[in-house]
Student: 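Let me give you the structure first, and then I'll get to my questions.
Numbers for residues simply follow the sequence, beginning at 1. Every heavy atom of this structure was used, including side-chain atoms; hydrogens, water molecules and symmetry mates were not.
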Amino acid sequence: MSGEAESREASRQRRRRERAAAVERFVGVPLADVVRENALVHLPPAAAARLRVVHPSWASHMSSPLFAVAHAAAPRRVSGVFVPSAGFLPFDGDDDAVPSPSLSFVPASSELVVLSSSRGVACCFSPADDAYAVCNPATASWTAVPSPPWRSWPRPAIVVLFDTSAYNFRGDFTLVCPFESEPGSSGAYCFQVFTSGTGAWWVTDAMSPAEGLVAASGVAAGATAWWRTSIGTAVGYTPVTGRVDLVTCPGDSDQWEIGLAAGMLHCAVIDGGDVVVFRLHEHGIWEVTTRVAVAEILQPSQPPPPARATTSTEIVASQQHDESGAEEEEGSRAVVAAANAPLRLDDGVRLLGFQGAEVEVVVLAGRRLVAFDARTRRRREVAVPDEVDAAWDGAEHAAHINTLALIAPAALAAEPPLAKPPADP
């Protein structure tokens, strides 16, 4: 036997031994323990909370910081969207619900605006108070943060970065906020950073040439904060390295949005009657990951039952219906068909920001918010309630994933903002 063949055989035997050892570890282990150790971490927070009463060991397990860290790091799909006036709109009803859709547990004298969200941690802003907070909507935990020293818009463009490593037991976070290098003019943006550990903002030395940065488009992809612009580019800043990225939107479309999938920046573009999703690789190279028709995304959530053969008896009975009854039935069918008909692009279809473990496109069409999984071809949908202004076009929103992530109390510093990050002690 050649050396290469021996190596392959040794590798196969090693894998067999590893699989056998894995099976032996679970043989004789109670099913309840297997579920506790391996399944609970993948449940939405609301569903996991209901299972605390199953057994004291389950409640103890889910109360540990280690479980909260693992829950925040587990792969998940988008839970819902924060929208003006209505707060949080969950895609899966009670399973994705939060204790307070309006985040009323955060003290504020006006409606809170969710600026961005990452791994279940959201940064919100009270315009009336000019106050900021970082919170977990699923657990109602929060901490106040100071206002950034520089801001150029009514809606700050803050992106929250949350570390899901196994050592983040405090729930530390980072905020990144871009601002115009010359207030009131476009052309270049600088960056300011806040960390929960230092409790202070500082202005970095980084600068990016960009115009028309869209404040509500911010998304965290790994350790980088990204925003799109109104001129077809996306700007990224990584606080750990100080790196600035500038990439051009793929394709040629006025309708595009950036989002997160599998920890990488993605871009969704409307191309004719399709939505095309691209993934960003190194050196600013975009790769097509999926293409789906808008008509498929907006198919009725409850299609009519399949047609069946009609018997001769049913034909005779139907012919005996009076004329008025037939007209009423036809009118009812027309109403149902109009309600279930997919909307076209000219009906006001808009892409929204998205995030999750897989590519799940979020689309606003009329008063429908639809999340479409590009891999499974499944859709989830929530209706926009009446309290949301009829003129809302999706420009102001924040996609959110519910987790049990911990929120570190920000140790607010008394010193003025620094021009660069403070040195390690």
Side-chain angles (χ1 to χ4, degrees), residues 43-53 59 62-65 67-69 71-72 76 78-148 155-156 158-164 168-175 177 194-196 199 216 218 220 355 382 385 387-388 396-412:
L43 294 177
R50 293 194 294 267
L51 294 179
R52 287 176 176 267
V53 299
M62 287 188 281
S63 300
S64 70
F67 180 82
V69 171
H71 195 275
R76 303 185 184 282
V78 65
S79 301
V81 180
F82 281 97
V83 303
S85 302
F88 185 64
L89 301 181
F91 282 117
D92 284 331
D94 292 342
D95 282 344
D96 275 335
V98 297
S100 173
S102 63
L103 307 182
S104 59
F105 55 86
V106 179
S109 58
S110 66
E111 177 189 350
L112 289 171
V113 178
V114 176
L115 303 177
S116 70
S117 171
S118 175
R119 295 290 187 172
V121 177
C123 179
C124 52
F125 168 61
S126 172
D129 308 310
D130 195 26
Y132 298 77
V134 170
C135 69
N136 183 331
T139 63
S141 57
W142 68 281
T143 184
V145 296
S147 300
R155 186 193 198 280
I158 292 178
V159 167
V160 56
L161 301 174
F162 186 76
D163 181 13
T164 57
N168 190 10
F169 293 109
R170 270 176 36 92
D172 282 312
F173 57 87
T174 299
L175 304 179
C177 182
F194 174 90
T195 62
S196 55
Q355 56 178 284
V382 62
E387 57 261 35
V388 177
E396 296 288 331
H397 73 280
H400 176 73
I401 298 174
N402 283 327
T403 74
L404 295 174
L406 301 173
I407 302 294
L412 304 185

Student: Hey, are the side chains of P148 and F194 touching, using non-hydrogen atoms and a 4.5 Å cut-off?
Tutor: no
Student: Between L103 and P137, is any pair of side-chain heavy atoms under 4.5 Å apart?
Tutor: yes
Student: Would you call S79 and P90 a side-chain contact if the rule is heavy atoms closer than 4.5 Å?
Tutor: no
Student: In the structure I gave you, are the side-chain heavy atoms of F125 and I158 within less than 4.5 Å of one another anywhere?
Tutor: no
Student: Taking all heavy atoms of R119 and all of A405, pick out the closest pair and write down the distance.
Tutor: O-CB, 3.7 Å
Student: Minimum heavy-atom separation for A133 to W142, with atom names?
Tutor: CB-CE3, 4.1 Å
Student: Please tell me whether H71 and R76 have a donor and an acceptor in their side chains that are separated by less than 3.5 angstrom.
Tutor: yes
Student: So, the side chain of S104 versus the backbone of S100: is there a donor-acceptor pair under 3.5 Å, distance only?
Tutor: no
Student: Is there a donor-acceptor pair closer than 3.5 Å between any side-chain N or O of S116 and the backbone N or O of V160?
Tutor: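 Present.
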Student: Hey, are the side chains of V121 and V134 touching, using non-hydrogen atoms and a 4.5 Å cut-off?
Tutor: yes
Student: Answer yes when R50 and D94 have at least one side-chain N-carboxylate O distance shorter than 4.0 Å, and no when they do not.
Tutor: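 No, R50 and D94 are not salt-bridged.
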Student: Within the 4.5 Å heavy-atom criterion, are C135 and C124 side-chain neighbours or not?
Tutor: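 Counting from C-beta outward, C135 and C124 do come under 4.5 Å.
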Student: Mark yes or no for whether D92, through its side chain, and D95, through its backbone, hold a donor-acceptor pair below 3.5 Å.
Tutor: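 Absent.
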Student: Strictly distance-based, threshold 3.5 Å: is any side-chain N or O of D172 a donor or acceptor partner for the main-chain N or O of S196?
Tutor: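 No; zero donor-acceptor contacts below 3.5 Å.
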Student: Can you confirm whether P385 sits close enough to L89 that some side-chain heavy atom of one is under 4.5 Å from a side-chain heavy atom of the other?
Tutor: yes
Student: Any donor-acceptor pair under 3.5 Å linking the side chain of D129 with the backbone of S109?
Tutor: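 Judged by distance alone, yes, a pair lies under 3.5 Å.
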Student: So, for P127 and E111, which heavy atoms are closest and what is the spacing to 0.1 Å?
Tutor: CD-O, 3.5 Å
Student: Is there side-chain contact between V83 and E396, with at least one heavy-atom pair below 4.5 Å?
Tutor: no
Student: Any idea how H400 and F82 line up, ring-wise: parallel (<30°), tilted (30 to 60°), or perpendicular (>60°)?
Tutor: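 Answer is perpendicular, since the angle exceeds 60°.
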Student: Side chain to side chain donor-acceptor pair (under 3.5 Å) for N136 and S141? Distances and angles first, verdict last.
Tutor: CA-CA 5 Å; N136 183 331; S141 57; 4.9 Å; no
Student: Quick check, are the ring centers of F173 and F162 under 6.0 angstrom apart?
Tutor: no
Student: If we ignore hydrogens and angles and just use 3.5 Å, is the side chain of T143 paired with the main-chain N or O of A410 as donor and acceptor?
Tutor: yes
Student: Answer yes if the side chains of T195 and T174 hold a donor-acceptor pair under 3.5 Å, and no otherwise.
Tutor: no
